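Have a look at the structure below before the remarks.
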Amino acid sequence: MKFFVDTAEVDDIRELMETGLLDGVTTNPSLIAKSGRNFLDVVKEICAIVPGPVSAEVAATDLAGMIAEGEHLAGLAENVVVKLPLTWDGLKACRHMTSKGIKTNVTLCFSANQALLAAKAGATYISPFIGRLDDINLEGMQLIEDIRTIYDNYAYATEILAASIRGVNHVSQAAIAGADVATIPPEVIRKLVSHPLTDKGLAGFVADWKKTGQSIL
Ligand code: E4P
């Protein structure tokens with residue numbers, strides 16, 4: 001499973017790149033607003049740090065606007081993936097980008113039918129939002145499972161990018177459900193490694209090793 005980090009904070013991205021486990025980045029207008037920085041500068045900076053795919057979302061909601069903005073964003077760096085909303089115009093823009101060889105991430109997916117449409121439009125990634133479905137008492141993870149089944153039934157190449165991840169259990173559950181990618185907030189990525197029994201076990205090994213009085217080197 002590929003790990004993307006869901007943030008527009010460049011310092012977090014630099015830190016997580018050092019793990020060697022980061023495959024890409026996703027941003028959205030809310031994350032850009034939170035960063036307080038210029039969108040185009042942030043995208044260029046992230047693309048220079050991360051060699052993998054970096055999703056940058058259009059702001060327009062009409063077809064002509066999405067195409068113009070998407071092509072501009074795609075021109076910023078080779079690894080930009082144009083993020084488009086799951087609307088009819090977004091799907092048309094997706095078809096256009098795909099025909100031009102531009103990678104796309106169709107976002108704000110909340111149903112299996114929407115995911116089917118995105119695959120038919122040639123999306124590189126589909127982003128089902130797990131957490132936001134859980135928020136309204138629906139089963140976010142069931143959507144990942146359903147999309148996996150549909151895409152496998154028809155051998156669609158669109159990758160399932162599990163989004164709106166709220167905690168570590170979402171990551172493992174999305175992996176079990178067969179998501180190709182998880183886009184994860186930085187604080188959740190940091191928690192993935194932690195287990196109290198690992199900490200306890202390591203403290204025990206360190207203490208016992210000390211008692212041996214030996215050294216390996
Ligand atoms: C996906 O690309 C989105 O940026 C993100 O996962 C949305 O998550 P949220 O529901 O926590 O805002």
Side-chain angles (χ1 to χ4, degrees), residues 1-10 12-13 16 22-37 39-40 42-43 45-47 50 52-61 66 69-70 73-74 76 79-87 90-91 93-94 97 102-112 114-115 117-119 121 123-144 147 158-175 177 179-192:
M1 184 194 232
K2 283 174 265 188
F3 278 4
F4 292 177
V5 64
D6 197 26
T7 188
E9 299 299 332
V10 174
D12 284 328
I13 294 168
L16 292 167
L22 195 62
D23 301 295
V25 178
T26 55
T27 63
N28 66 38
S30 305
L31 294 170
I32 295 295
K34 198 171 148 200
S35 78
R37 295 194 51 200
F39 177 35
L40 302 184
V42 172
V43 171
E45 206 172 321
I46 296 172
C47 288
V50 181
V54 175
S55 289
E57 187 160 344
V58 296
T61 54
M66 281 192 263
E69 290 181 1
L73 291 170
L76 295 178
N79 49 336
V80 166
V81 173
V82 175
K83 211 170 174 189
L84 299 158
L86 218 158
T87 60
L91 292 169
C94 176
M97 299 297 161
I102 296 170
K103 291 194 172 151
T104 54
N105 174 355
V106 176
T107 190
L108 291 168
C109 171
F110 294 96
S111 80
Q114 289 181 320
L117 293 173
T124 314
Y125 302 98
I126 181 69
S127 287
F129 276 38
I130 301 170
R132 293 194 195 187
L133 282 168
D134 289 354
D135 287 346
I136 57 162
N137 290 327
L138 293 174
E139 277 293 324
M141 211 49 70
Q142 184 62 50
L143 177 58
I144 303 285
I147 299 172
T158 301
E159 293 191 42
I160 303 172
L161 198 174
S164 187
I165 282 181
R166 299 283 164 77
V168 292
N169 290 344
H170 272 162
V171 178
S172 51
Q173 286 163 6
D180 301 286
V181 191
T183 189
I184 317 169
E187 61 278 13
V188 177
I189 295 185
R190 291 188 190 103
K191 283 183 192 155
L192 287 174

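Positions are given from 1 along the sequence. Note that ligands are numbered from 1 as they come in the structure, with each ligand's atoms numbered from 1 the same way. The model shown is predicted, which means the values in this text are computed figures rather than measured ones.
Residues Leu84 and Thr104 come closest through the heavy atom pair CD1-CG2, 3.9 Å. Nearest heavy-atom pair, Pro85 versus Val58, reported as atom, atom and distance to 0.1 Å: CD-CG2, 4.1 Å.
In summary, of the residues considered (Asp180, Thr107, Val181), a side-chain contact (heavy atoms from CB on, under 4.5 Å) with Tyr125 occurs for Val181 alone. For the side chain to side chain donor-acceptor pair (under 3.5 Å) test with Asp6, the passing option among Thr27, Thr26, Asn28 is Thr26; the others fail.
The backbone N or O of Gly140 lies less than 3.5 Å from a partner atom in the side chain of Asp134, making a donor-acceptor pair. The backbone N or O of Val10 sits nowhere less than 3.5 Å from a side-chain atom of Glu45 that would complete a donor-acceptor pair.
Protein residues are said to neighbour a ligand when one of their heavy atoms lies under 4.0 Å from it; for ligand 1 these are Asp6, Thr26, Asn28, Lys83, Phe129, Arg132, Ala163, Ser164, Arg166.
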